[in-house]
Number of protein chains: 4
Amino acid sequence: MPRVTAQAREANRRALLDAGAEAFAAHGHAGARIDEISLAAGLAKGTVYNHFDSKDALFEAILREACAAADAGADRIPASGPAEARLAAFVAVNLEWASEHPALARVFARELLAGDDATRALVLGASAHCIGVVASILEEGARAGELRRDVPFEPLAVNFLCHANVLVGQSWASGWPPRPELPGTVASLFVRGLLSSPAS
Amino acid sequence: MPRVTAQAREANRRALLDAGAEAFAAHGHAGARIDEISLAAGLAKGTVYNHFDSKDALFEAILREACAAADAGADRIPASGPAEARLAAFVAVNLEWASEHPALARVFARELLAGDDATRALVLGASAHCIGVVASILEEGARAGELRRDVPFEPLAVNFLCHANVLVGQSWASGWPPRPELPGTVASLFVRGLLSSPAS
Amino acid sequence: MPRVTAQAREANRRALLDAGAEAFAAHGHAGARIDEISLAAGLAKGTVYNHFDSKDALFEAILREACAAADAGADRIPASGPAEARLAAFVAVNLEWASEHPALARVFARELLAGDDATRALVLGASAHCIGVVASILEEGARAGELRRDVPFEPLAVNFLCHANVLVGQSWASGWPPRPELPGTVASLFVRGLLSSPAS
Amino acid sequence: MPRVTAQAREANRRALLDAGAEAFAAHGHAGARIDEISLAAGLAKGTVYNHFDSKDALFEAILREACAAADAGADRIPASGPAEARLAAFVAVNLEWASEHPALARVFARELLAGDDATRALVLGASAHCIGVVASILEEGARAGELRRDVPFEPLAVNFLCHANVLVGQSWASGWPPRPELPGTVASLFVRGLLSSPAS
DNA sequence: TATGAATGAGTTTTCATTCAT
DNA sequence: GATGAATGAAAACTCATTCAT
């Protein structure tokens with residue numbers, strides 16, 4: 001008997017997380033309305049509180065889910081090769097996920113780029129693995145003589161995440177870079193910068 | 001007699017703009033509280049409404065001021081020279097102002113990076129001149145063969161502003177890049193990317 | 001087959017009455033939570049509504065049960081003898097029951113002492129027989145010259161019930177009077193007051 | 001300028017305390033409604049929160065005020081004399097106050113007689129002085145040979161407060177004892193009990 | 001003009017009650 | 001009959017805005 005019910009419950013929880021992501025992405029933590037979220041999920045206001053203790057708890061669950069997704073993607077990239085290609089692969093993997101969960105991706109980007117201090121710390125903490133992977137790509141690239149060594153790896157990894165998210169946001173808002181070229185453009189701009197004929 | 005009064009009035013308006021910038025920077029538009037702002041300005045809540053029609057009007061005034069400052073800085077940079085140096089100069093000029101008005105700078109960055117669509121459009125519109133200057137630097141660099149030509153100038157200029165603001169935020173939060181090196185690092189990363197000493 | 005089921009049903013009803021008494025005793029009518037009651041009874045929230053029409057109906061059932069118990073006890077006391085002894089017997093009989101159903105007893109006391117007007121009227125009405133018995137003890141004691149005649153019997157009987165319940169509550173909360181001495185102390189204080197060597 | 005305003009503010013605070021006492025007296029802590037209180041005070045709902053942090057804070061303020069009043073009355077009674085007379089004086093003093101602040105008095109009685117454990121502890125703690133005064137009357141009466149010595153003074157003092165409050169409540173609800181005779185009846189019943197004219 | 005208490009619409013949160021399983 | 005997720009009316013609480021002083 002609980003089987004069908006448990007599935008329905010889980011589906012509702014999912015709907016709330018999705019609707020919440022949408023709302024928090026669009027209006028931020030303070031601007032999102034519980035009413036709007038529950039209605040968008042096709043549920044009554046009170047149902048939110050059957051699944052989450054409070055607006056804050058819902059927000060944090062969404063944030064953690066977004067971070068976990070970023071973390072999970074980090075392991076699906078080549079273990080070796082040129083840093084630029086590995087970073088492009090990283091972006092491609094995450095984009096794939098982000099295009100399936102655009103709202104979650106926007107929450108992640110929003111709070112990473114402009115959350116208040118506590119939220120930003122939460123995002124960085126929950127994305128530690130992901131940041132570590134990017135940092136190690138940068139470190140290995142530097143050790144191989146491919147990349148500059150004058151910048152610390154971890155802040156640079158964080159910077160890469162921001163860079164990627166900014167470009168994703170720009171792509172979404174202005175059409176540039178076009179979606180299919182995003183991974184290549186992100187990695188290329190980050191690694192090669194703007195110099196013409198960079199290596200030739 | 002009206003002189004002193006007018007001055008006092010102006011001082012109060014300034015205090016409100018400053019305190020408002022602080023609050024909007026820290027908590028975003030929806031999260032900032034009029035009470036907090038007026039108290040931080042050393043004034044009573046009602047006084048806000050002697051100077052601004054509404055919370056929104058205060059927010060917009062702050063936003064416009066921030067954009068205007070960015071715009072004004074755009075004209076104090078060398079009219080010619082290598083793109084990287086001109087971009088570094090741009091960052092340096094804006095940093096100078098930003099370090100005197102850190103809150104305003106953070107509002108600008110926050111809304112540029114993660115404002116809702118309407119606010120973001122407002123910021124971009126009000127920063128049009130500034131964006132145009134950066135775009136023309138990029139365009140001239142490309143025409144001179146110094147920079148890549150495969151990216152459209154205006155979105156790239158917006159991206160540069162974001163890039164710069166992200167690094168300023170990181171500097172503020174994590175200590176890297178160190179303040180004095182910010183302009184050089186911003187421009188270097190943006191123009192040269194991460195490749196190891198490409199030609200030098 | 002219906003036998004076991006009917007027994008189980010009855011057991012659940014009992015569990016709900018007991019858990020409800022506990023909750024109403026601890027938090028009063030408005031403060032008790034249906035959730036808390038059903039969980040304490042080891043049942044699901046919805047089951048409450050298979051047994052009672054509403055929270056109010058459950059409350060009233062508990063109240064009536066408590067009053068009925070008080071009423072029933074009233075008939076198990078000596079039909080004659082000194083008023084003090086008969087009152088002590090009354091308390092002893094009720095205490096026996098109360099120590100087996102402490103929560104019910106507390107609901108009775110609580111609503112008698114501080115219920116809102118409607119509830120208090122309900123309690124008094126449902127305890128009419130019990131109050132009548134006490135009143136008749138007092139009346140007979142007065143007619144026998146044992147007790148004062150300057151106080152009306154029925155309000156005094158109500159007062160006695162309150163007096164007894166207060167002392168039971170104090171015993172429970174502070175340890176005085178000790179449980180075994182309760183009937184004697186209650187009756188003695190009520191009948192003899194505090195005068196030293198009362199009769200000598 | 002603040003003079004008139006401060007007075008008005010204080011008057012509003014008073015109105016809220018009074019209306020709150022009324023509501024808490026009638027419905028208990030959980031049953032009282034903030035809306036009802038603010039409306040009864042002739043104010044808007046939000047105003048409650050300009051004066052008190054929360055419903056709980058308002059409740060506690062009222063409770064403390066009631067306890068303080070009980071405490072204050074305790075010092076206006078004869079320092080010596082027969083215990084019965086002193087107790088009657090105690091009741092008379094408190095009745096005088098209670099008839100001017102009936103709601104406060106009812107809150108005190110209600111929570112003393114049937115509050116949950118935490119609230120009851122608060123009431124007893126905040127009434128410590130008052131209880132001490134009654135206890136010392138009882139102790140001195142016992143030392144003078146006037147009163148029984150077989151009961152501990154402090155629990156008995158608490159019992160006296162309950163006794164008095166119960167009779168006040170009865171007087172209010174049923175008309176007996178009549179208001180003017182209350183102090184005498186309370187003290188007489190408590191000290192002499194029900195024995196018929198024991199010595200006279 | 002500045003003040004800050006009051007306001008009340010708008011939110012979050014609670015919880016008795018319903019109902020599909 | 002039991003279950004417990006969903007419901008939504010009602011409650012607590014927030015805060016931008018007003019306005020008498």
Side-chain angles (χ1 to χ4, degrees), chain A residues 1-13 30-38 41-56 58, chain B residues 5-6 8-9 12-13 30 32-39 42-56 58, chain C residues 2 5-6 8-9 12-13 30 32-39 42-56 58, chain D residues 1-6 8-13 30-38 41-56 58:
Chain A
M1 166 203 330
R3 171 54 42 83
V4 162
T5 295
Q7 279 176 359
R9 179 177 169 81
E10 195 48 40
N12 284 340
R13 190 186 147 92
R33 306 282 167 231
I34 287 286
D35 252 29
E36 177 196 356
I37 292 172
S38 58
L43 295 168
K45 193 172 9 178
T47 303
V48 172
Y49 294 89
N50 289 339
H51 291 273
F52 304 95
D53 279 350
S54 64
K55 183 183 178 183
D56 274 20
L58 170 60
Chain B
T5 295
R9 179 176 169 77
N12 284 344
R13 190 186 148 90
R33 311 278 165 236
I34 288 287
D35 235 23
E36 179 196 357
I37 292 171
S38 58
L39 256 69
L43 295 168
K45 192 165 21 173
T47 304
V48 171
Y49 294 87
N50 290 336
H51 290 274
F52 303 95
D53 279 350
S54 66
K55 184 186 180 181
D56 276 16
L58 171 59
Chain C
T5 296
R9 179 175 168 76
N12 284 345
R13 190 185 148 90
R33 310 276 166 239
I34 288 287
D35 234 25
E36 177 196 359
I37 292 172
S38 57
L39 256 68
L43 295 168
K45 193 168 16 173
T47 304
V48 171
Y49 294 87
N50 290 336
H51 290 274
F52 304 94
D53 279 352
S54 65
K55 184 186 181 182
D56 275 16
L58 170 59
Chain D
M1 166 202 330
R3 171 53 44 81
V4 162
T5 293
R9 179 177 170 80
E10 196 46 41
N12 284 341
R13 189 187 147 92
R33 309 280 165 232
I34 287 288
D35 253 28
E36 177 196 357
I37 293 173
S38 58
L43 295 168
K45 188 172 18 175
T47 304
V48 173
Y49 295 90
N50 290 340
H51 290 272
F52 304 95
D53 278 352
S54 63
K55 184 184 178 181
D56 274 19
L58 170 60

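Annotation: of the two residues near DNA chain F, C/G46 and D/I34, the 5′-most nearest-nucleotide partner is C/G46.
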Report, one line per pair, each donor and acceptor closer than 3.5 Å where one atom sits in a side chain of residues 43-55 of chain D; sequence neighbours left out.
{"residue": "D/T47", "atom": "OG1", "partner": "D/A44", "partner atom": "O", "Å": "3.4"}
{"residue": "D/S54", "atom": "OG", "partner": "D/D56", "partner atom": "N", "Å": "3.4"}
{"residue": "D/S54", "atom": "OG", "partner": "D/A57", "partner atom": "N", "Å": "3.2"}
{"residue": "D/K55", "atom": "NZ", "partner": "D/H29", "partner atom": "O", "Å": "3.1"}
{"residue": "D/K55", "atom": "NZ", "partner": "D/A32", "partner atom": "O", "Å": "2.9"}

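Only C/Y49, C/S54, C/K55, listed by number, bring a heavy atom of residues 48-56 of chain C to less than 4.0 angstrom from any atom of DNA chain E.
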Watson-Crick and G-U pairing of DNA chain E, under 3.5 Å, as dot-bracket with | and [ ]: .||||||||||||||||||||

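The distance from atom CG of C/L43 to atom P of F/dG4 is 10 Å, rounded to the nearest whole Å. With rounding to whole Å, B/R13 atom CZ is found 13 Å from E/dT1 atom P. A straight line from CD1 of D/I37 to P of F/dA11 spans 12 Å, rounded to a whole angstrom.
A/A30 comes within 4.0 angstrom of no nucleic acid atom, judged by non-hydrogen atoms across all strands. Among the heavy atoms of the strands lying under 4.0 Å from B/A32 are primed sugar atoms or P, OP1, OP2 only; no base atom is included.
Residue D/K45 has its side chain nearest to F/dC13 when only E/dG4, F/dT7, F/dC13 are considered. Out of E/dT12, E/dT17, F/dA2, the shortest distance to the side chain of A/D35 is found at E/dT12.
The phosphate of F/dA5 has neither OP1 nor OP2 within less than 4.0 Å of any side-chain N or O from A/T47. In this model, the phosphate group of F/dA16 is approached by a side-chain N or O of B/R33 to a distance below 4.0 Å at OP1 or OP2. C/N12 has no side-chain polar atom (N or O) that falls below the 4.0 Å cut-off from OP1 or OP2 of F/dG1. Listed pair D/T5 / E/dA5 fails the phosphate criterion, with no side-chain N or O lying under 4.0 Å from OP1 or OP2.
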